[in-house]
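First the structure, in the form of structure tokens, and then the observations on it.
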Amino acid sequence: MLTFLANAKINLHLEIIGSRPDGFHELVMVMQSVALADRITLRPLNTPTIQIQCDHPQVPTDSANLAYQAVALLQERLPHRTNQKGGVEITIEKKIPVGAGLAGGSSNAAAVLFGLDILWDLGLTRVELQELGSELGSDVPFCLAGGCAIATGRGEEVNLLYKNNSLHAVLAKYNSLSVSTPWAYQTYREQFGHTYIPVDRFTSLEKRRARVHSGSMVQAIGKKQSQAIGSNLYNDLEKIVLPAHPKVALLKSTMTALAAQFNALGTLMSGSGPTLFTLSETPEQAQSMAKALRQSVSDSDLMVYTAPFTAHGIETLS
Ligand code: ATP
């Protein structure tokens with residue numbers, strides 16, 4: 001039996017560049033792992049079945065679960081290496097909010113790929129695991145890598161950046177509110193499609209990507225300039241999600257005002273939301289801000305977490 005921590009991610013930068021021939025969007029993102037983690041336990045079974053258990057009612061326990069799909073993908077792609085191994089029971093203890101823009105499902109799939117490589121002695125390299133992971137979801141390769149990275153393409157091309165920025169995030173999400181990632185991107189296309197760079201203008205795409213690689217956020221991360229990281233936070237999908245969910249827009253204003261009061265670094269929505277985060281330089285400041293946020297929003301539906309940046313996507317516990 002093996003147990004892993006599967007960490008969530010936040011986006012420090014999310015820019016939509018254009019459409020791809022495969023129907024996805026061409027993106028440039030800066031992703032960061034945070035130590036808000038699901039606990040994934042893998043137990044070998046003698047029979048060739050895949051069983052999922054999860055303590056969260058919104059998470060499917062059948063073949064719709066990304067963890068299930070990770071096992072099935074390994075069995076399909078590596079039949080000779082997996083067919084003598086029996087099945088597996090996967091227990092998911094959910095701490096990462098669901099449908100939150102924090103890549104909870106993707107991190108679970110990453111943990112299963114990583115874990116079965118060990119449990120079944122498959123001998124896959126990091127690159128091979130990431131290639132398989134990209135078939136399950138665009139965020140899976142980053143979740144396998146962890147730390148801080150630039151992700152391009154549809155998010156699956158991961159270039160690791162420096163791993164040692166030791167900031168803290170205060171994360172806030174209304175428990176009963178989830179945002180569908182396909183809805184957010186589709187609505188963005190409807191409203192902003194006219195601004196997209198055509199895919200055939202490859203050099204423009206490359207220039208735009210290069211601009212992020214040498215841009216202010218990446219420089220701030222490299223130079224460990226916390227204030228500059230805070231002032232360069234950016235997410236195109238806020239233009240869609242905040243107007244559609246005024247409650248989240250109001251929460252962002254509250255968190256921005258608190259950040260100014262506490263001299264914290266900046267506030268942004270992660271991924272397709274609706275989770276918002278404020279960055280802080282110390283754990284004490286993050287805790288105080290989380291407490292003040294709970295006091296100023298008197299809604300029992302609001303969930304508030306604090307989590308430090310971490311250099312790891314998946315961590316082995318036992
Ligand atoms: P992303 O940031 O990658 O867009 P998200 O954080 O917005 O993802 P998830 O928490 O991954 O969203 O869940 C989205 C949907 O995926 C859920 O509503 C759920 O039905 C489905 N799902 C499938 N497998 C899982 C899993 N292991 N954990 C959570 N959700 C899962």
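Computed from a prediction, not measured in an experiment: that's the story for all the values here.
- Leu5 belongs to a hydrophobic cluster whose other members, connected by ILVMFWY side-chain contacts under 4.5 Å either directly or through intermediates, are Leu317.
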Criterion side-chain contact (heavy atoms from CB on, under 4.5 Å) on Val34 and Phe309, from CA distance to verdict: CA-CA 4 Å; Val34 291; Phe309 283 16; 4.0 Å; yes
Steps toward side-chain contact (heavy atoms from CB on, under 4.5 Å) verdict (Thr254, Leu293): CA-CA 8 Å; Thr254 307; Leu293 181 59; 4.2 Å; yes
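- In this structure, Asn263 contributes its side chain and Ala259 its backbone to no donor-acceptor pair below 3.5 Å.
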Criterion side-chain contact (heavy atoms from CB on, under 4.5 Å) on Glu15 and Met29, from CA distance to verdict: CA-CA 6 Å; Glu15 191 177 335; Met29 302 188 284; over 6 Å; no
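- Of the possible donor and acceptor atoms, one in the side chain of Lys85 sits under 3.5 Å from a partner among the backbone N and O of Trp120.
- Residues meeting the ring-ring contact (aromatic ring centres under 6.0 Å, His included) test with Tyr185, sequence neighbours left out: His25.
- Residues passing the ring-ring contact (aromatic ring centres under 6.0 Å, His included) test with His168: none are found, sequence neighbours excluded.
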Mind listing the side-chain donor-acceptor pairs of residues 269-284 below 3.5 Å, one per line with the distance, residues two or more places apart or on another chain?
from	atom 1	to	atom 2	distance (Å)
Ser270	OG	Asn11	N	3.4
Ser270	OG	Gly101	O	2.9
Ser272	OG	Thr181	OG1	3.0
Thr275	OG1	Ala100	O	2.8
Thr278	OG1	Thr267	OG1	2.8
Ser280	OG	Thr282	N	3.4
Ser280	OG	Thr282	O	3.0
Ser280	OG	Gln285	OE1	2.9
Ser280	OG	Ala286	N	3.4
Glu281	OE2	Ser226	OG	3.2
Thr282	OG1	Gln285	N	3.0

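- No side-chain donor-acceptor contact under 3.5 Å links Glu156 and Ser138.
- Remark: the backbone N or O of Gly147 is paired with a side-chain donor or acceptor of Ser33 at under 3.5 angstrom.
- When the salt bridge (charged side-chain N to carboxylate O under 4.0 Å, His left out) test is applied to Glu157, the partners found at least two apart in sequence or on another chain are Arg209.
- Leu116 CG to Leu124 CG: the interatomic distance, rounded to the nearest 0.5 Å, is 10.0 Å.
- Here the CG atom belonging to Asp117 is positioned 11.0 Å from the CZ atom belonging to Arg126, to the nearest 0.5 angstrom.
- With hydrogens and angles ignored, the 3.5 Å screen pairs a side-chain donor or acceptor of Ser178 with a backbone N or O of Val98.
- Residues passing the side-chain contact (heavy atoms from CB on, under 4.5 Å) test with Glu131, sequence neighbours excluded: Val127.
- Applying the salt bridge (charged side-chain N to carboxylate O under 4.0 Å, His left out) rule to pairs touching residues 235-261 yields Asp236-Lys239, Glu238-Lys252, Lys247-Asp299, sequence neighbours excluded.
- Scored by the salt bridge (charged side-chain N to carboxylate O under 4.0 Å, His left out) test, Glu135 finds Arg77 as partners (sequence neighbours excluded).
- Sequence neighbours left out, the pairs with a member in residues 35-52 that pass salt bridge (charged side-chain N to carboxylate O under 4.0 Å, His left out) are Asp38-Lys94, Arg43-Glu89.
- Take Thr61 and apply the side-chain contact (heavy atoms from CB on, under 4.5 Å) test, not counting sequence neighbours, and it matches Ile52, Cys54.
- Apart from Leu45 itself, the hydrophobic cluster it occupies contains nothing, where clustering links Ile, Leu, Val, Met, Phe, Trp and Tyr at side-chain heavy-atom distances under 4.5 Å.
- Scored by the salt bridge (charged side-chain N to carboxylate O under 4.0 Å, His left out) test, Asp121 finds no partners at all (sequence neighbours excluded).
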